[in-house]
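Structure first, then comments.
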Amino acid sequence: MEQNIVTTLFFGMIGIISFPLFIAIKDKFVVVKLGGQNVTIKNGENERKINWMEVESLSLIQFVYPPLYKLKVKGDEKVYWFNTENEFIKASGFVKDLSDMGDLIQKKKRELGI
């Protein structure tokens with residue numbers, strides 16, 4: 001690719017736009033451990049254990065690979081994003097999570113009506 005000022009400015013602008021976007025969403029990504037009775041949310045140094053009954057919503061975000069889930073806790077304004085193992089099927093942009101964690105999520109959603 002030929003190097004010129006237009007190409008440099010174009011990719012520089014993409015970087016300038018992407019950096020504030022990253023800063024805005026980086027705190028939404030967490031590590032989640034799912035158990036039979038508890039959900040552990042780890043965000044940096046902070047670790048929070050909640051009961052499954054405190055989960056307000058838990059949904060798969062489509063068109064993102066690997067599977068990315070959105071978790072909302074009752075009484076909390078924040079929405080947390082986390083992914084599962086890299087076991088999935090994608091077709092026309094839609095994602096089906098085939099991981100063990102994905103199976104547990106589907107089971108709990110059915111049991112609790114989330």
Side-chain angles (χ1 to χ4, degrees):
M1 179 179 237
E2 187 176 323
Q3 202 174 22
N4 62 29
I5 192 70
V6 174
T7 305
T8 303
L9 288 175
F10 177 74
F11 286 109
M13 290 302 293
I14 290 174
I16 289 170
I17 291 168
S18 298
F19 186 70
L21 180 65
F22 166 74
I23 296 299
I25 67 171
K26 72 177 178 61
D27 291 333
K28 290 182 179 254
F29 289 97
V30 296
V31 175
V32 173
K33 294 179 187 175
L34 303 176
Q37 300 300 320
N38 294 321
V39 176
T40 305
I41 301 170
K42 186 172 183 181
N43 188 1
E45 298 293 319
N46 302 330
E47 189 170 304
R48 179 178 174 193
K49 272 192 174 182
I50 61 168
N51 191 309
W52 271 102
M53 300 303 284
E54 296 177 56
V55 175
E56 184 176 320
S57 68
L58 179 59
S59 59
L60 178 65
I61 300 173
Q62 292 296 335
F63 307 109
V64 179
Y65 320 117
L68 182 66
Y69 284 89
K70 179 172 58 171
L71 173 70
K72 176 94 170 91
V73 178
K74 291 178 185 172
D76 194 354
E77 293 298 318
K78 284 185 83 174
V79 174
Y80 302 102
W81 294 347
F82 67 95
N83 20 2
T84 59
E85 295 91 17
N86 199 9
E87 298 175 19
F88 62 93
I89 295 175
K90 63 179 178 175
S92 300
F94 292 96
V95 180
K96 171 71 174 153
D97 189 1
L98 300 176
S99 67
D100 293 337
M101 193 174 192
D103 290 340
L104 179 61
I105 290 169
Q106 293 305 315
K107 179 183 168 193
K108 286 295 186 179
K109 284 179 70 168
R110 277 192 307 272
E111 286 177 5
L112 301 173
I114 301 173

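- Side chains of Leu34 and Met101 form a contact here, defined as non-hydrogen atoms less than 4.5 Å apart.
- Listed by first and then second residue, the side-chain hydrogen bond (donor to acceptor under 3.5 Å, both in side chains) pairs involving residues 70-79 are Arg48-Asp76, Asp76-Tyr80 (not counting sequence neighbours).
- Legend: residues meeting ring-ring contact (aromatic ring centres under 6.0 Å, His included) with Phe19, ordered by chain and number and at least two apart, are absent.
- Counting only residues at least two apart or on different chains, no side-chain hydrogen bond (donor to acceptor under 3.5 Å, both in side chains) pair has a member in residues 16-38.
- Every residue meeting the side-chain hydrogen bond (donor to acceptor under 3.5 Å, both in side chains) condition with Asn4, not counting sequence neighbours, appears here in chain and number order: Thr7.
- In the hydrophobic clustering (ILVMFWY side chains linked at under 4.5 Å, chained through shared members), Val6 is joined by Ile5, Leu9.
- Listed by first then second residue, pairs satisfying ring-ring contact (aromatic ring centres under 6.0 Å, His included) with a partner in residues 40-62 number zero, not counting sequence neighbours.
- When side chains are defined from C-beta on, Thr40 counts as touching Glu47, because their heavy atoms get closer than 4.5 Å.
- Contact annotation: the side chain of Gln62 approaches that of Leu60 to within less than 4.5 Å [non-hydrogen atoms, C-beta and beyond].
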side-chain contact (heavy atoms from CB on, under 4.5 Å) between Val95 and Ile89, worked out: CA-CA 6 Å; Val95 180; Ile89 295 175; over 6 Å; no
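- By the criterion of side-chain heavy atoms lying less than 4.5 angstrom apart, applied directly or through intervening Ile, Leu, Val, Met, Phe, Trp or Tyr residues, Val73 is grouped together with Met53 in one hydrophobic cluster.
- The side-chain hydrogen bond (donor to acceptor under 3.5 Å, both in side chains) check on Asp97 picks up Tyr69, Thr84, Ser99, with sequence neighbours excluded.
- Grouped with Val64 in one hydrophobic cluster are Ile25, Phe29, Ile61, Leu68, Val79, Trp81, the linkage being side-chain heavy-atom contacts under 4.5 Å among Ile, Leu, Val, Met, Phe, Trp and Tyr residues.
- At a threshold of 4.5 Å between non-hydrogen side-chain atoms, the residues Phe88 and Leu98 do not count as touching.
- Side-chain contact between Val55 and Ile50 is present, with at least one heavy-atom pair separated by less than 4.5 Å.
- Residues passing the ring-ring contact (aromatic ring centres under 6.0 Å, His included) test with Phe94 are Phe63, sequence neighbours excluded.
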Distance-only donor-acceptor pairs under 3.5 Å for side chains of residues 104-114, two or more places apart:
from   : atom 1 : to    : atom 2 : distance (Å)
Lys108 : NZ     : Gly36 : O      : 2.6
Lys109 : NZ     : Leu58 : O      : 2.9

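- Alongside Val31, the hydrophobic cluster contains no other residue (criterion: ILVMFWY side chains under 4.5 Å).
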